Amino acid sequence: MNSILIANGLILTLNAAADTFDPGYILVEGDRIAALGVGSAPPHLACRADSTWDAAGHLVLPGLVNAHTHLGQVLVRNLGSDKPLLTWLDDVIWPAQLAMTSDDARIAATVGLVENLRSGVTTVVDHQKITATPAHSDAVASAAESLGLRFVLARAWAERGRGAEDCGTMLAELDRLCHQWHGAASGRLHVAFGPLAPWRCSEESMRRGVKAAQNYGIGVHIHVAETQSEVRMTLEATGLRHVEWLDRLGALGPDVQLVHSNWLSEAEMDRVAETGSIVVHCPVSNAYLGSGIAPVPELRRRGVPVALGTDGPGSNNSQDMFETMKMTALLQKATRLDASAISAEAILRMATSGGAMAAGWADIGQIAVGFKADLILVSLNSARLTPLNHPASALVYAGSPADVRGAIVDGRVLMRDGQLLGIDEASALAECRAAAKELLSRAGVSLAS
């Protein structure tokens with residue numbers, strides 16, 4: 001069993017007691033945190049380590065969780081600017097998705113996961129839309145397995161619109177994915193059921209899909225109330241708003257992630273809280289597409305768990321979780337004319353323990369004995385983080401992916417001194433450029449889109 005002693009760092013545990021050790025140590029044994037504390041590790045602990053990582057000049061904190069993205073959009077990054085959601089989907093995203101090969105999916109996922117890791121993200125929830133053949137999903141899961149991140153493949157599904165699938169096909173594929181990938185890579189890979197939006201699914205098929213997810217013990221990951229027009233469409237078709245519709249189907253609960261949730265009524269927010277459902281907030285994407293801003297303070301006051309996501313590279317256009325944290329704060333403060341609307345500490349917990357709840361792991365999101373060793377090291381040797389008067393505020397308001405210098409997932413070192421291990425990053429980026437050029441030509445998507 002491999003063991004690592006992380007020494008001399010400023011440890012931001014984000015545990016229930018909000019312990020900070022400056023300096024402190026963490027002993028990692030196998031895939032878990034075996035010990036931690038203030039100062040230097042006692043000799044009887046230090047001698048158990050196979051190696052020591054001197055973290056002097058670094059913040060050490062739990063790895064961030066990107067609780068919602070679409071990695072396949074890497075290949076259409078920066079296209080479709082200045083378009084509302086439904087036009088953007090119709091002009092750019094749907095044509096590109098239908099033309100993607102399984103190799104395109106692998107390349108896009110690889111580069112997207114590299115970007116996430118460089119942004120301090122150790123767990124990614126991918127709402128995987130590229131589903132023309134089973135090989136697409138397998139390629140994405142294989143990329144995550146190879147790179148070593150913790151990963152949820154939320155297999156997307158729509159019964160209406162482009163790329164539609166019948167319920168039987170979806171259920172058969174969900175069954176295959178659960179047997180092949182759920183719990184793979186020593187438990188680092190999970191599968192979830194990912195219906196795209198209420199207006200793209202029938203009631204009967206949603207019931208069957210949610211029931212299947214419950215039987216498999218997996219989560220349900222769905223876009224909800226992203227735009228006003230989508231809420232109107234569901235109201236016209238069913239007489240119900242999005243959360244009301246899901247509630248009627250028995251599709252709410254602690255294993256359900258409601259992505260976006262920008263346009264919830266007061267009653268809907270109450271019901272989300274009562275059922276223990278989780279909201280995933282994607283502020284950059286929502287602002288980019290002009291979709292709206294989720295009522296995060298109102299949700300949190302009701303006790304609703306909130307996680308953060310970048311959303312896909314096609315509507316962000318990055319996978320920068322530091323930017324996502326900062327935008328979460330600024331949009332809430334600006335729209336309420338209230339600088340105290342939300343704190344940096346709350347946002348940092350949304351990006352860690354909140355994301356852990358959304359991703360379905362109870363033992364990540366904080367630094368505590370017995371928890372998984374999913375950790376990042378952030379260098380304090382930059383002008384923007386000097387002086388470090390308040391660690392949480394520094395990370396949320398001034399942090400950058402450039403500051404992330406180390407990452408450990410499941411006890412395995414994936415980045416050290418800013419270098420990714422186990423992947424030729426330059427070759428992956430070159431492969432991505434070539435694949436994007438070929439895809440856009442094949443799909444008939446213009447660079448001017």
Side-chain angles (χ1 to χ4, degrees), residues 68-76 89 93-113 124-197 200-202 205-206 208-223 257 312 314 359-360 428 431-432 435-436 438-439 442-443:
H68 179 73
T69 188
H70 304 287
L71 294 176
Q73 292 178 9
V74 163
L75 298 184
V76 294
L89 287 169
I93 300 302
W94 287 339
Q97 286 175 180
L98 290 174
M100 285 182 73
T101 66
S102 59
D103 207 40
D104 290 333
R106 174 190 60 80
I107 293 166
T110 298
V111 171
L113 290 170
V124 173
V125 180
D126 181 34
H127 203 173
Q128 208 285 107
K129 291 183 175 182
I130 317 304
T131 59
T133 70
H136 287 85
S137 296
D138 291 342
V140 173
S142 294
E145 182 179 34
S146 176
L147 280 165
L149 282 82
R150 198 171 299 280
F151 188 74
V152 180
L153 190 148
R155 203 280 188 181
W157 166 72
E159 197 172 28
R160 301 170 181 142
R162 294 202 199 182
E165 295 177 289
D166 65 78
C167 184
T169 299
M170 175 272 293
L171 291 172
E173 177 62 357
L174 191 64
D175 180 76
R176 185 191 73 84
L177 287 170
C178 285
H179 282 92
Q180 182 168 343
W181 289 108
H182 190 63
S186 301
R188 282 190 293 102
L189 268 60
H190 283 182
V191 171
F193 174 46
L196 283 170
R200 299 194 67 184
C201 310
S202 71
S205 293
M206 269 294 294
R208 293 176 66 189
V210 169
K211 181 64 174 176
Q214 293 169 343
N215 289 339
Y216 294 125
I218 62 176
V220 176
H221 190 85
I222 181 171
H223 298 105
Q257 302 102 53
E431 191 177 21
C432 184
E438 293 177 8
L439 171 66
R442 195 165 61 244

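Counting begins at 1 with the first residue of the sequence. Given the structure is predicted, the values throughout are model-derived calculations rather than measurements.
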What closest approach, in Å, do [X] and [Y] show between heavy atoms, and which atom pair accounts for it?
{"X": "A108", "Y": "V74", "result": "O-CG2, 3.5 Å"}
{"X": "T110", "Y": "A143", "result": "OG1-CB, 3.7 Å"}
{"X": "F151", "Y": "A141", "result": "CE2-CA, 4.5 Å"}
{"X": "G312", "Y": "T69", "result": "CA-OG1, 3.6 Å"}
{"X": "I107", "Y": "A435", "result": "CD1-CB, 3.8 Å"}
{"X": "A156", "Y": "T131", "result": "O-CG2, 3.9 Å"}

Give, for atom [atom1] of [X] and atom [atom2] of [Y], the distance between the pair rounded to the nearest 0.5 Å.
{"X": "H223", "Y": "H70", "atom1": "NE2", "atom2": "NE2", "answer": "3.5 Å"}
{"X": "I222", "Y": "H127", "atom1": "CD1", "atom2": "NE2", "answer": "7.5 Å"}
{"X": "L153", "Y": "H182", "atom1": "CG", "atom2": "NE2", "answer": "11.5 Å"}
{"X": "R155", "Y": "I218", "atom1": "CZ", "atom2": "CD1", "answer": "11.5 Å"}
{"X": "E173", "Y": "W157", "atom1": "CD", "atom2": "CH2", "answer": "14.0 Å"}
{"X": "D126", "Y": "L113", "atom1": "CG", "atom2": "CG", "answer": "7.5 Å"}

Side chain to side chain, [X] and [Y], heavy atoms closer than 4.5 Å:
{"X": "L174", "Y": "V191", "value": "yes"}
{"X": "K129", "Y": "Q73", "value": "yes"}
{"X": "C178", "Y": "F193", "value": "no"}
{"X": "M206", "Y": "C167", "value": "no"}

Could you tell me whether the side chain of [X] and the main chain of [Y] form a donor-acceptor pair under 3.5 Å?
{"X": "H136", "Y": "M100", "value": "yes"}
{"X": "E159", "Y": "C201", "value": "no"}
{"X": "R188", "Y": "L149", "value": "yes"}
{"X": "Q128", "Y": "I130", "value": "yes"}
{"X": "D175", "Y": "A172", "value": "no"}

Side chain to side chain contact (heavy atoms under 4.5 Å, CB included), that's the test. Do V124 and V152 meet it? Break it down for me.
CA-CA 6 Å; V124 173; V152 180; over 6 Å; no
Between R106 and D138, is a salt bridge (Lys or Arg N to Asp or Glu O under 4.0 Å) present by the stated rule, with each step listed?
CA-CA 9 Å; R106 174 190 60 80; D138 291 342; over 6 Å; no
Starting from the C-alpha separation in whole Å, work towards a yes-or-no answer on side chain to side chain contact (heavy atoms under 4.5 Å, CB included) for E145 and W181.
CA-CA 10 Å; E145 182 179 34; W181 289 108; 3.6 Å; yes
Please step through side chain to side chain contact (heavy atoms under 4.5 Å, CB included) for the pair L171 and R208, ending with a clear verdict.
CA-CA 8 Å; L171 291 172; R208 293 176 66 189; 3.4 Å; yes
